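Here is the structure we will look at, set down as C-alpha cells.
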Amino acid sequence: MRICGIVLAAGAGTRHGSPKGLARTADGEPWVARAARTLRDGGCDEVLVVVGARGAEVAALVPADARVVEAADWAAGLSASLRAALRAAQGSASADPVPGPDHGAFDAVIVLPVDTPDAPASVVHRVIAMLYRGAPLVQAVYGGVPGHPVTIAHSHFAALSEALHGDRGARSYLVTHGVVEVECGDLWSGDDIDYR
C-alpha cells in the first residue's frame, strides 16, 4: 500500500495574521518542514505540500524530499486545497507539474494541516494502522473531539472531491460514510494554532 502524506498550507491565515505556511517554531523550524517530517516519520511514502497564499514563499520552505502542489483557487477555501491534493495523489497531470517514477496514484492519503506543528509521528502511525486493518476512512480524535490527521482511501477520492465546498473540510463526508475514529489523546492534545 502506497500512502501519500498531505500538508495543507494554502490558506491566508487571517486569524493568525499571515499565512501559516510561513510560520516557524520557536527554534526557527518552518511549520511546513515539521509537518512534512512528521508525515514521513509516521510512515508516508511521499509528502505533498499544498500552497496557495504567498505560494512561492511557502514553497521555498518545503523540504527537498516533499513535493509542492499549487492550489490556484486556494482563496475559495479549504475545499480547494484538499481537491488539489487529491488530484495530485491520483497522479493528475494538471496537479503534478513534475511527474516522475514515484509520482503515480496512491492507495490512500493522510491529511495534516500545517497549523499542527506539535503533532507527533506516533499519531500518524496510529491512524495509518487502522487503514491497514481495513478502515478506508480514519480520523484521529482527542477526548472524543474530531481532529487530525485524517486518512482517506483511494476509493473515496472522487466522491470526496465532489462533496467538498467552500471553506468546509471533509468531516460531514467522513461521518456520512462511516469514518472510524481513533482516540489519540494519549499521544498529543490535538490542538491547532489559530493565533500567534
Side-chain angles (χ1 to χ4, degrees), residues 1-11 35-36 38-39 42-53 66-99 102-116 119 123-142 144-184 190 192:
M1 186 180 293
R2 295 188 70 228
I3 300 174
C4 178
I6 293 172
V7 180
L8 297 179
T38 296
L39 289 167
C44 294
D45 299 291
E46 186 174 347
V47 176
L48 309 180
V49 179
V50 184
V51 303
R67 185 162 51 110
V68 174
V69 173
E70 183 179 357
D73 55 347
W74 65 268
L78 179 59
S79 61
S81 299
L82 190 48
R83 273 196 303 272
L86 292 172
R87 282 195 306 270
Q90 291 181 88
S92 168
S94 63
D96 186 4
V98 189
D102 297 327
H103 295 168
F106 288 88
D107 299 298
V109 297
I110 183 162
V111 181
L112 188 67
V114 73
D115 61 1
T116 56
V123 76
V124 177
H125 276 293
R126 185 173 291 180
V127 172
I128 286 177
M130 294 305 297
L131 178 71
Y132 276 100
R133 290 177 192 163
L137 299 170
V138 186
Q139 183 165 28
V141 297
Y142 301 89
V145 178
H148 288 89
V150 172
T151 299
I152 303 157
H154 186 273
S155 58
H156 285 274
F157 287 7
L160 175 57
S161 292
E162 286 291 320
L164 292 168
H165 298 287
D167 205 31
R168 302 180 72 107
R171 179 63 183 170
S172 61
Y173 179 92
L174 296 174
V175 171
T176 301
H177 292 82
V179 66
V180 173
E181 296 181 342
V182 180
E183 181 58 53
C184 296
D192 60 6

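Every value quoted in this text rests on a predicted model; they were computed, and no experiment measured them. FYI, the numbering just counts along the sequence from 1.
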- Check step by step if side chain to side chain contact (heavy atoms under 4.5 Å, CB included) holds for V49 and V69. CA-CA 6 Å; V49 179; V69 173; over 6 Å; no
If every non-hydrogen atom of [X] is compared with every non-hydrogen atom of [Y], which pair is closest and at what distance?
| X | Y | result |
| --- | --- | --- |
| A36 | A66 | CB-CB, 4.4 Å |
| Y173 | A159 | OH-CB, 3.4 Å |
| G42 | I128 | O-CD1, 3.7 Å |
| L48 | A89 | CD1-N, 4.1 Å |
| G144 | E183 | N-OE1, 3.1 Å |
| C184 | A140 | SG-CB, 3.8 Å |

- Below 4.5 Å, heavy atoms only, C-beta onward: do L137 and I152 meet side chain to side chain? yes
- Query: Are side-chain heavy atoms of C4 and V109 found at a separation under 4.5 Å?
  - Reply: yes
Between [atom1] of [X] and [atom2] of [Y], what distance do you get to the nearest 0.5 Å?
| X | Y | atom1 | atom2 | answer |
| --- | --- | --- | --- | --- |
| I6 | C44 | CD1 | SG | 9.0 Å |
| H125 | T38 | NE2 | OG1 | 10.5 Å |
| I3 | F106 | CD1 | CZ | 10.0 Å |
| E46 | R2 | CD | CZ | 6.5 Å |
| L131 | T151 | CG | OG1 | 6.0 Å |
| S79 | E162 | OG | CD | 12.0 Å |

- Salt-bridge present (R126, E181; N to O < 4.0 Å): no
- Query: Where do V150 and I110 land on the side chain to side chain contact (heavy atoms under 4.5 Å, CB included) test, with the steps shown first?
  - Reply: CA-CA 5 Å; V150 172; I110 183 162; over 6 Å; no
- Task: Kindly assign one of parallel, tilted or perpendicular to the pair H154 and F157, based on the angle between their ring planes and the thresholds 30° and 60°.
- Result: tilted
- Do the side chain of Q139 and the main chain of G147 share a donor and acceptor less than 3.5 angstrom apart? yes
- Message: Let's go through V111 and L8 carefully: what are the C-alpha distance in whole Å and the side-chain angles of both, what is the deciding distance for side chain to side chain contact (heavy atoms under 4.5 Å, CB included) to 0.1 Å, and is it a yes or a no?
- Response: CA-CA 7 Å; V111 181; L8 297 179; 3.6 Å; yes
- Message: Is there a side chain to side chain contact (heavy atoms under 4.5 Å, CB included) between L160 and R83? Walk through the geometry before answering.
- Response: CA-CA 8 Å; L160 175 57; R83 273 196 303 272; over 6 Å; no
